Amino acid sequence: DTGVSQNPRHKITKRGQNVTFRCDPISEHNRLYWYRQTLGQGPEFLTYFQNEAQLEKSRLLSDRFSAERPKGSFSTLEIQRTEQGDSAMYLCASSLTGGFSSPLHFGNGTRLTVT
Amino acid sequence: KQEVTQIPAALSVPEGENLVLNCSFTDSAIYNLQWFRQDPGKGLTSLLLIQSSQREQTSGRLNASLDKSSGRSTLYIAASQPGDSATYLCAVADNAGNMLTFGGGTRLMVKP
């Protein structure tokens, strides 16, 4: 169990550019979640996957955001045409099953700064 | 829409004090409630999980209680230590167990 891994740790980009983040969950975990956290706030739900199926998306996930989990393993979160308001910490989490009855393991996040 | 509030937003105590962190939520139809710890620049670590049918959970110096009908939970930390300094977040799972809604957190500083 090497934990949830997120790359890159930090990303600085100019407004209008596209960025992609990667999350590698714990290998046998079926559920994978993406959250966004701004300074001083709790994480906000973006989307989650059960294996390769994306089952729910928050209204926060505008058309500029897309997430994938091909083959039910790693996941990517892409933001197109970034805006300064996208600056935040993007957190990935995984769990063995749904229902949050099994522990939720978080990665250390990717901090995005849009200049 | 579920809303989760944590009070206080920040707390500073001397080492050795017992302390209570508060969490309230607006929709009592929850699946469970969890308390997490977050160190600066890091992800979250799960501390305690209370199922909707339970009243409390304990782990070491931590005790979390849940009063679902009133929409409240407390996290009690006994004999606080400087290593307890972190942000503590509570989160409630919706009735289907598919989504966690987080509070804004309580930033705790324990001074030696």
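Every value quoted in this text rests on a predicted model; they were computed, and no experiment measured them. Just so we're on the same page: letters track the sequence lines, and every chain starts at 1.
At a 4.5 Å heavy-atom cutoff, the contact between A:Gln37 and chain B is made by side-chain atoms alone. Proximity to chain A (any heavy atom under 4.5 Å) is shown, for B:Gln6, by neither the backbone nor the side chain. Using a 4.5 Å cut-off between heavy atoms, A:Arg9 touches chain B through its side chain atoms alone.
Within a 6.0 Å radius of CD1 in A:Ile12, other residues, nucleotides and ligands contribute 12 heavy atoms or fewer. Within 6.0 Å of the CZ atom in B:Arg55, the count of heavy atoms belonging to other residues, nucleotides or ligands does not exceed 12. Counting heavy-atom neighbours within 6.0 Å of A:Glu68 CD, excluding the residue itself, gives a total of 12 or less.
We find the CG-OH distance between B:Leu44 and A:Tyr35 to be 9.5 Å, quoted to the nearest 0.5 Å. In this structure, OH in A:Tyr48 is found 8.0 Å from CE in B:Met99, a value given to the nearest 0.5 Å.
Linking ILVMFWY residues whenever their side-chain heavy atoms come closer than 4.5 Å, directly or via other members, leaves A:Leu104 and A:Phe74 in distinct clusters. Cluster membership check: B:Leu62 shares its hydrophobic cluster with B:Val110, using side-chain heavy-atom separations under 4.5 Å among Ile, Leu, Val, Met, Phe, Trp and Tyr. Put simply, B:Phe102 and B:Leu33 are part of two different groups of oily side chains (I, L, V, M, F, W, Y) that touch within less than 4.5 Å, one to the next.
Between A:Phe45 and B:Leu100, the shortest heavy-atom distance links the atoms CB-O, 4.3 Å. Taking each heavy atom of A:Asn108 and B:Gly43 in turn, the nearest pair found is OD1-N, 3.3 Å.
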